[in-house]
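Right, one structure below, let's go through it.
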Amino acid sequence: MEARERPIVVFDSGVGGVSVLRALVKELPGERFVYFGDSANAPYGPRTTEEIRRLTLENLRRLDGEYGFKAAVIACNTATSAAISELRAAWPDRPIVGIEPALKLAADRNPGGTILVMATETTLREKKFAALTRRVQAGCTVIGLPCPELVEFVERGETDSPALEAYLRSRLSPWLEGEAAAVVLGCTHFPFASRVLRRILPPQTELLDGSEGTARQTGRLLKQAELLRTGGRGEVSFHSSLPGREILDLCQRLFETG
Ligand code: DGL
């Protein structure tokens, strides 16, 4: 198959990367996307960096064997933090795009403000996040808030419920009165809790995530490499390491309803 006809693999530890897939399809509607969520091994956040790196590399190797992808999007902040350099070294000939927390965007839009970054513990402890924070820190206060349980709510398909609201209210209690200028959703599962977050956070607190920036960057790199499809209808297919229809139906529902 001609290189530009090959699919783009979109990878996450579970169903969260569907929030990035939505932005990718909007940006690149003519492309073929293969979504893979490693829900059998989710959550990645509490695992060691070595484990996350191994799982990510193994999954990508298998996906390449199966689909021969022309590009891969690591739609997982945690896997990007742990494995992006190794992935780029393994596939030096193809675009490998990684998502990262939209901290720069938040700082540019809120100079001098307090920015809260909700993410997994791995994303917050890795060097990549420290480097990102140093680059934007001038004048802004950056606070990292690990929210591992939120990944599990979304993996169960629970995106709006009294239990989820109670969890988020307690996790965000110091910021419910308007202290934060922006909340960065630094884990791709978290945009699916936006309805609840919007309900409990003050209206002036911005909610930002990295999905649109990642989709634009994917388009730029494909164009540069002359790998954009030139015709035909786009496609999306869902795959998971968890057996059964249920998880694929959840991906489809999250894809359609956000
Ligand atoms: N969705 C992932 C992220 O963007 C991680 C969730 C997890 O497996 O802990 O960080």
Query raised in the report: Looking only at atom types and distance, does a side-chain atom of E51 sit under 3.5 Å from a main-chain N or O of T48, one as donor and one as acceptor?
Result: yes
**Report entry** side chain to side chain contact (heavy atoms under 4.5 Å, CB included) assessment of I143 paired with I115
**Finding:** CA-CA 6 Å; I143 301 168; I115 297 165; over 6 Å; no
Query - Y67 ring center near H239 ring center (under 6.0 Å) - result: yes
Query raised in the report: Would you find a donor on one side and an acceptor on the other, under 3.5 Å apart, between the side chain of T123 and the backbone of A119?
Result: no
Report task. Establish, from distance only, whether the side-chain atoms of D38 and S13 form a donor-acceptor pair under 3.5 Å. Result -> no
Query raised in the report: Taking atom CZ of R61 and atom CG of L63, what is their separation to the nearest 0.5 Å?
Result: 12.0 Å
Query raised in the report: Any side-chain donor-acceptor pair under 3.5 Å between S39 and E155?
Result: yes
Query raised in the report: Does E177 CD have over 12 foreign heavy atoms under 6.0 Å away?
Result: no
Query - Donor-acceptor pair, side chain of R53 and main chain of L87, under 3.5 angstrom - result: no
Query raised in the report: Hey, are E100 and T80 close enough side-chain-wise for a donor-acceptor pair under 3.5 Å?
Result: no
Requested in this report: Determine, step by step, whether E66 and R62 satisfy the salt bridge (charged side-chain N to carboxylate O under 4.0 Å, His left out) criterion, reporting the C-alpha distance in whole Å, the side-chain angles of both residues, the deciding distance to 0.1 Å, and the verdict.
Outcome: CA-CA 6 Å; E66 212 164 318; R62 199 181 32 71; 3.7 Å; yes
Requested in this report: Identify, with sequence neighbours excluded, every residue that meets side-chain hydrogen bond (donor to acceptor under 3.5 Å, both in side chains) alongside E158.
Outcome: R156, S161
Query raised in the report: Taking a hydrophobic cluster as the set of Ile, Leu, Val, Met, Phe, Trp and Tyr residues connected by side-chain heavy atoms closer than 4.5 Å, whether directly or through intermediates, do L105 and L24 fall within one such cluster?
Result: no
Query raised in the report: Is a donor on one side and an acceptor on the other found under 3.5 Å between the side chain of R4 and the backbone of L228?
Result: yes
Query raised in the report: Are side-chain heavy atoms of N41 and R47 found at a separation under 4.5 Å?
Result: yes
Query raised in the report: Are V184 and V142 linked, directly or through other ILVMFWY residues, by side chains that come within less than 4.5 angstrom of each other?
Result: yes
Query raised in the report: What distance separates L150 CG from T120 OG1, expressed to the nearest 0.5 Å?
Result: 11.0 Å
Query raised in the report: Between R253 and D249, is there a salt bridge with N-O shorter than 4.0 Å?
Result: no
**Report entry** S194 to L185 - nearest heavy-atom pair and separation
**Finding:** OG-CD1, 4.0 Å
Requested in this report: Give, for atom OG of S241 and atom CG of N59, the distance between the pair rounded to the nearest 0.5 Å.
Outcome: 6.5 Å
Report task. Could you tell me whether the side chain of I74 reaches within less than 4.5 Å of the side chain of I99, counting heavy atoms only? Result -> no
Requested in this report: For R195 and D160, indicate whether the former's side chain and the latter's backbone hold a donor-acceptor pair under 3.5 Å.
Outcome: no
Query - I84 and K128: CA distance, side-chain angles, deciding distance, side chain to side chain contact (heavy atoms under 4.5 Å, CB included) verdict - result: CA-CA 10 Å; I84 199 70; K128 205 169 189 339; 4.0 Å; yes
Report task. Count the heavy atoms belonging to other residues, nucleotides or ligands that lie under 6.0 Å from CD of E212, then report whether that count exceeds 12. Result -> no
**Report entry** side-chain hydrogen bond (donor to acceptor under 3.5 Å, both in side chains) assessment of D12 paired with Y44
**Finding:** CA-CA 9 Å; D12 181 40; Y44 276 16; over 6 Å; no
Query raised in the report: Stepwise, does the side chain to side chain contact (heavy atoms under 4.5 Å, CB included) test hold for L172 with L116?
Result: CA-CA 10 Å; L172 291 163; L116 195 62; 3.6 Å; yes
Query raised in the report: So, do V97 and T214 sit near enough that their side-chain heavy atoms are less than 4.5 Å apart?
Result: yes
Query raised in the report: Taking the side chain as C-beta and beyond, is there a heavy-atom pair between V34 and V10 under 4.5 Å?
Result: no
Query raised in the report: Heavy-atom distance under 4.5 Å between the side chains of F11 and V73, does that happen here?
Result: no
Query raised in the report: Got more than 12 heavy atoms from elsewhere within 6.0 Å of CD, Q204?
Result: yes
Query raised in the report: Just by distance, do the side chain of R125 and the backbone of F129 share a donor-acceptor pair under 3.5 Å?
Result: no
Report summary line: Heavy-atom closest pair (L227 atom, A3 atom, distance to 0.1 Å) is CD2-CB, 3.8 Å
**Report entry** Short side-chain to backbone donor-acceptor contact, S81 and N77, under 3.5 Å
**Finding:** yes
**Report entry** Separation of I200 CD1 from S173 OG (nearest 0.5 Å)
**Finding:** 9.5 Å
Query raised in the report: Is F190 linked to L124 within one hydrophobic cluster, defined over Ile, Leu, Val, Met, Phe, Trp and Tyr using a side-chain heavy-atom separation of less than 4.5 Å?
Result: no
Query raised in the report: Between Y35 (side chain) and G17 (backbone), is there a donor-acceptor pair under 3.5 Å?
Result: yes
**Report entry** Sub-4.5 Å side-chain heavy-atom contact between V183 and E206
**Finding:** no
Under 3.5 Å, which donor-acceptor pairs link side chains of residues 163-171 to any protein atom two or more places apart or in another chain?
from	atom 1	to	atom 2	distance (Å)
E165	OE1	R199	NE	3.2
E165	OE1	R199	NH2	2.8
E165	OE2	R169	NE	3.2
E165	OE2	R169	NH2	3.2
Y167	OH	E149	OE1	2.8
S170	OG	Y167	O	3.3
R171	NE	P146	O	3.0
R171	NH2	P146	O	2.9

Query raised in the report: For L208 and A182, which heavy atoms make the closest approach, and how far apart are they?
Result: CD1-CB, 4.4 Å
Query raised in the report: Is it the case that one hydrophobic cluster holds both V9 and L242, taking links as side-chain heavy atoms less than 4.5 Å apart, direct or via other members?
Result: no
Query raised in the report: Can you check whether E5's main-chain N or O pairs, donor with acceptor, with K70's side chain at less than 3.5 Å?
Result: no
Query raised in the report: Do L145 and V117 touch side chain to side chain, with heavy atoms closer than 4.5 Å?
Result: no
Requested in this report: Mind running side chain to side chain contact (heavy atoms under 4.5 Å, CB included) on R22 and F255 for me, showing each step along the way?
Outcome: CA-CA 6 Å; R22 284 164 61 89; F255 181 68; 3.8 Å; yes
Query - Ring center gap for F238 and F36 short of 6.0 angstrom - result: no
Query raised in the report: Is a side-chain N or O of E31 found less than 3.5 angstrom from the main chain of R229, in a donor-acceptor match?
Result: yes
**Report entry** Inter-residue atom distance H189.NE2 - L254.CG, 0.5 Å rounding
**Finding:** 9.0 Å
Query - Smallest separation among heavy atoms of P43 and P46, with atom names - result: O-CD, 3.6 Å
Query raised in the report: Just checking, is any N or O donor in the side chain of T188 or S19 under 3.5 Å from an acceptor N or O on the other one?
Result: no
Report task. Provide the closest heavy-atom pair for L60 versus F69 in the form atom of the first, atom of the second, distance. Result -> O-CE2, 3.6 Å
**Report entry** Minimum heavy-atom distance A71-L222, with the two atoms named
**Finding:** CB-CD2, 3.9 Å
Query - Verdict with supporting geometry, E126 and T49, side-chain hydrogen bond (donor to acceptor under 3.5 Å, both in side chains) - result: CA-CA 8 Å; E126 278 297 318; T49 303; 2.6 Å; yes
Report task. Report yes if some heavy atom in the side chain of R94 is under 4.5 Å from a heavy atom in the side chain of D64; otherwise report no. Result -> yes
**Report entry** Enclosure of E86 CD (heavy-atom neighbours >12, cutoff 6.0 Å)
**Finding:** yes
Query raised in the report: To the nearest 0.5 Å, how far apart are SG in C187 and CZ in F192?
Result: 10.5 Å
